[in-house]
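Worksheet: the structure to be examined is printed underneath.
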Amino acid sequence: MTDLVIKDVKVIDGTATPAYRADVEVTDGRIARIHREDTGGPRPSSPRTLDGSGLALSPGFIDMHAHSDLALLRDPDHSAKAAQGVTLEVLGQDGLSYAPVDDRTLGQVRQVIAGWNGDGSDIDFDWRSVGEYLDRLDRGIAVNAAYLIPQGTVRMHAVGWDDRDATEAELAHMRRLVAEGMEQGAVGMSSGLTYTPGMYAKDAELTELCRVVASYGGYYCPHHRSYGAGALDAYREMVELTRSAGCSLHLAHATMNFGVNKGRGTDLLALLDEAIGAGADISLDTYPYTPGATTLVAMLPSWANEGGPDATLARLRDDATAERIRHHVEELGSDGCHGVPMEWETIEISGVRDPDLGTYVGRTVAAAAAERGEAPWVTARRLLIEDGLGSTILQHVGHEENVRAIMQHPVHTGGSDGILQGVKPHPRAYGTFPHYLGRYARDLGVLSLEETVAHLTSRPAARLRLPDRGLVREGYRADLVLFDPDTVAAGSTFEAPRTLPVGIPHVLIDGRPVIEDGRRTDVLAGRSVRRTPTA
């Protein structure tokens with residue numbers, strides 16, 4: 001029996017071809033029939049219908065770079081993503097997440113990425129392996145989720161926090177952890193190569209792990225070694241590494257930031273086009289905003305973070321060592337800040353772990369320091385110590401021309417990189433997908449609406465090797481979004497970042513209403529989406 005008919009809707013099917021009008025029949029969680037307006041014959045009927053007049057129907061949006069690893073567990077509502085039309089998020093990003101772990105590494109990773117996900121004190125960490133984490137998601141979550149094995153966590157597990165080469169035994173241990181994670185359903189592996197301890201891995205070590213990923217048909221998703229000085233060399237390094245390993249490459253939040261890269265987005269695209277033309281399998285994701293977001297501690301030089309969070313705090317408390325850190329950050333340009341000397345007026349505090357430090361939120365480090373009558377480093381150092389390294393930041397260093405150039409590339413996909421913690425998070429967490437549809441497609445015409453939808457649906461589904469998602473096609477899963485092309489827009493702004501979007505009245509996962517008439521239902525239709533085994 002037909003569960004639902006979406007009547008008289010403009011179908012934007014994810015193929016980038018022109019939209020068409022149709023009735024779409026949903027049965028048992030899948031698209032059972034598409035009756036195009038121009039084909040004639042009897043129209044499908046059902047006791048339950050949705051009037052699609054004036055609306056567009058597209059596949060559900062896939063967030064290729066999400067930081068909802070704990071948010072999906074603590075927040076059944078999860079409107080930050082569901083209200084955008086996101087039906088699938090890819091977790092385990094930037095080389096740091098919560099599986100695979102043991103008791104020691106779980107405590108460490110909870111501390112080091114508390115700024116991304118909170119410290120987890122409200123979470124029952126009843127898993128240790130990748131498979132157990134995915135099983136936990138299968139108890140019911142707001143939207144679907146896939147998982148990348150975090151290389152930094154793997155290195156933390158096998159090597160620790162030392163800046164050194166792995167021994168043969170440690171490398172074998174890491175290979176085994178990656179293989180187990182892939183066998184348990186991960187879709188690939190991520191790295192954060194400006195974050196410790198993952199950044200301590202040299203290319204030979206990363207290549208060995210990528211070979212394991214490739215053997216399971218997965219992909220490598222690096223946050224590479226620089227988005228500032230030396231950015232093009234860092235991209236080239238990842239291209240050459242994955243080609244050597246025979247592994248597919250997906251570049252995380254691929255952009256060209258800082259003054260040294262103004263107008264150089266086309267240089268990145270030329271590098272990628274050359275590699276793709278030579279046979280490389282490459283894709284990338286971006287968010288449609290210029291500022292970035294991360295943690296304040298990530299700005300420090302890597303040597304300051306060696307040994308883990310407690311060692312970092314000890315160095316910050318020591319005056320002589322703190323002065324050495326300042327010299328690297330402000331004068332030399334630390335590897336944590338992509339080789340660019342710090343400009344404190346670009347660093348805005350977006351969140352703090354300790355509520356008593358809330359007066360910092362919404363201010364740049366430079367402005368907060370001026371109010372206190374002290375040097376910016378003094379303010380930053382105090383905040384790092386008092387907040388236990390938990391402060392998050394917005395980094396205002398991007399360039400609009402680069403953002404627009406990169407989003408037009410055929411291998412581009414959408415990723416929010418949305419950090420949901422903090423009083424004043426980046427608006428991309430709540431607005432990435434409607435911002436693409438409203439501002440960049442409708443208002444600016446950077447891409448057509450059909451092309452934009454393809455970037456957000458079928459192209460990421462192809463990277464994830466999902467055989468039945470990413471298109472409005474008969475037999476495919478009914479992960480669907482109905483939006484108004486004339487009004488869809490991000491509500492979130494830098495001043496009010498938690499505002500929900502407008503113009504997205506209905507979102508379905510497996511044919512079940514997650515958003516209905518613009519409001520979140522109590523449906524928890526999301527589950528883990530595990531790697532499809534290769535032949």
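Ring geometry for H396 against F494 counts as tilted: the plane angle lies between 30° and 60°, on a 0 to 90° scale.
Among pairs with a residue in residues 444-456, those fulfilling side chain to side chain donor-acceptor pair (under 3.5 Å) read H412-H455, E451-H455, E451-R459, H455-R459, at least two apart in sequence or across chains. Within the structure, every pair that satisfies the side chain to side chain donor-acceptor pair (under 3.5 Å) test and touches residues 262-277, not counting sequence neighbours, is listed here: K262-E401, R264-D267, D273-H409.
Each of N144, D69, L73 was scored for a side chain to side chain contact (heavy atoms under 4.5 Å, CB included) with L137, with one residue passing: L73. Between H435 and the options Y289, Y430, F61, a ring pair (Phe, Tyr, Trp, His ring centres under 6.0 Å) holds for only Y289.
Between F483 and H506, the ring center distance fails the sub-6.0 Å criterion.
At least one test fails for R531 against the ring of Y216: distance under 6.0 Å to the centre or angle within 45° of the axis.
Applying the side chain to side chain contact (heavy atoms under 4.5 Å, CB included) rule to L4 yields the partners I6, V26, R48, L50, L508; only residues at least two apart in sequence or on another chain are considered. A search for side chain to side chain contact (heavy atoms under 4.5 Å, CB included) contacts involving D138 returns D135, R527, S528, R530, not counting sequence neighbours. When the side chain to side chain contact (heavy atoms under 4.5 Å, CB included) test is applied to S458, the partners found at least two apart in sequence or on another chain are A454, L471. Checked against side chain to side chain contact (heavy atoms under 4.5 Å, CB included), P150 has the following partners two or more places apart in sequence or in another chain: S97, P100, Y147, T153, S190.
Residues E495 and K424 are not paired through a salt bridge, judged by the lack of any N-O separation under 4.0 Å between the basic side chain and the carboxylate.
Between the side chain of R236 and the backbone N or O of L271 there is no donor-acceptor pair closer than 3.5 Å.
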